[in-house]
Amino acid sequence: MTATRLAWPKKNLNLWGLAKPGGVKIGPNTVDDKNSGRSSNDAKMHRKIVAQKETITEDFRNLSQAECESVMAMVREEFVALDYLSPMYGQRRNVLFYAKPNYPTLTLPMTVKGQYLPWTWEGLTVTFTEQ
C-alpha cells in the first residue's frame, strides 16, 4: 500500500501531483499560551505549549484553468479535510485545515504535458493551517 503524500479526498484531487518539484513543505506549528515569552522579572524565556498543529505550504507548478479551479475550490470551504504524510506523525487522514492562497499570475500561451494552453496560472501557493 502506498501512503498518500498529499490529497483532498472530497474532490479526489492529488495535490502532490500538482506541486512544483520540492514544492511541498510540512512542518510543526506550535501554539503557545499568551503568557509565553521573555519574563520582564528575570529575563528568562518561559513557554507553555497549548497545542501542536501542522502547517503545509504548497507551491504549485503552472496550472491549467481546470486545475486552478480545482485547487481554488478549497478556499471556498470553511475547513478542508486532507490526507497527507506527516514528518511528525506518519500517515494522517481526514485532518481539517484552513486554506489560504496567494494570488496566481496569468501567463502567456505555453505547452504543458504536450497540450497547448492559451494561458496557465503561475505562482500559486496555498498555506494550509491545521484547525
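Residue numbers start at 1 and run along the sequence shown.
Counted within 6.0 Å of NZ on K20, heavy atoms from surrounding residues, nucleotides or ligands total 12 or fewer; the atom is thus considered open. Atom OH of Y116 has more than 12 heavy atoms from other residues, nucleotides or ligands within 6.0 Å. Within 6.0 Å of the NZ atom in K100, the count of heavy atoms belonging to other residues, nucleotides or ligands does not exceed 12. Other residues, nucleotides and ligands place no more than 12 heavy atoms under 6.0 Å from the CG atom of N12.
Atoms CG and SG, on N62 and C68 in that order, are 10.5 Å from each other to the nearest 0.5 Å. Expressed to the nearest 0.5 Å, how far CG of L63 lies from CH2 of W121 amounts to 10.5 Å. Distance check: Q52 CD to M88 CE gives 5.5 Å after rounding to the nearest 0.5 Å. Going from atom NZ of K48 over to atom CG of D33 covers 5.0 Å, rounded to the nearest 0.5 Å. Atom OH of residue Y98 and atom CZ of residue F79 lie 9.0 Å apart, to the nearest 0.5 angstrom. A distance of 8.5 Å separates CD of E58 from CH2 of W16, quoted to the nearest 0.5 Å.
One finds no salt bridge joining D83 and R5 here, because no Lys/Arg side-chain nitrogen approaches an Asp/Glu carboxylate oxygen to under 4.0 Å.
Under a hydrophobic-cluster definition in which Ile, Leu, Val, Met, Phe, Trp and Tyr are linked whenever side-chain heavy atoms come within less than 4.5 Å, directly or via other members, V24 and L13 are assigned to the same cluster. M72 is connected to F128 through a chain of hydrophobic side-chain contacts under 4.5 Å among Ile, Leu, Val, Met, Phe, Trp and Tyr, so both are in one cluster. L18 and L85 end up in different hydrophobic clusters when Ile, Leu, Val, Met, Phe, Trp and Tyr side chains are linked at under 4.5 Å.
With hydrogens and angles disregarded, a donor-acceptor distance shorter than 3.5 Å links the side chain of N102 to the backbone of T125. Under a 3.5 Å cut-off, the side chain of E77 and the backbone N or O of M74 do not form any donor-acceptor pair. Listed for the T107 side chain is a donor-acceptor partner under 3.5 Å among the backbone atoms of T120. Under the 3.5 Å distance criterion, the side-chain polar atoms of S36 are left unmatched by any main-chain donor or acceptor of D32. In this structure, T4 contributes its side chain and L6 its backbone to no donor-acceptor pair below 3.5 Å. The backbone N or O of E54 lies less than 3.5 Å from a partner atom in the side chain of E130, making a donor-acceptor pair.
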Please walk me through it: do E67 and S64 pass side chain to side chain contact (heavy atoms under 4.5 Å, CB included)?
CA-CA 5 Å; E67 290 169 332; S64 68; 3.3 Å; yes

List the steps, then state whether side-chain hydrogen bond (donor to acceptor under 3.5 Å, both in side chains) holds for W119 with Q65.
CA-CA 8 Å; W119 69 82; Q65 181 64 36; 3.3 Å; yes

Residues R47, T30; criterion side chain to side chain contact (heavy atoms under 4.5 Å, CB included); working and verdict:
CA-CA 11 Å; R47 187 174 201 190; T30 303; 3.1 Å; yes

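Less than 6.0 angstrom separates the ring centroid of F97 from the ring centroid of Y84.
When D59, I56, T127 are each tested for a side chain to side chain contact (heavy atoms under 4.5 Å, CB included) with K25, only one passes: D59.
Between H46 and K44, the shortest heavy-atom contact is CD2-O, 3.3 Å.
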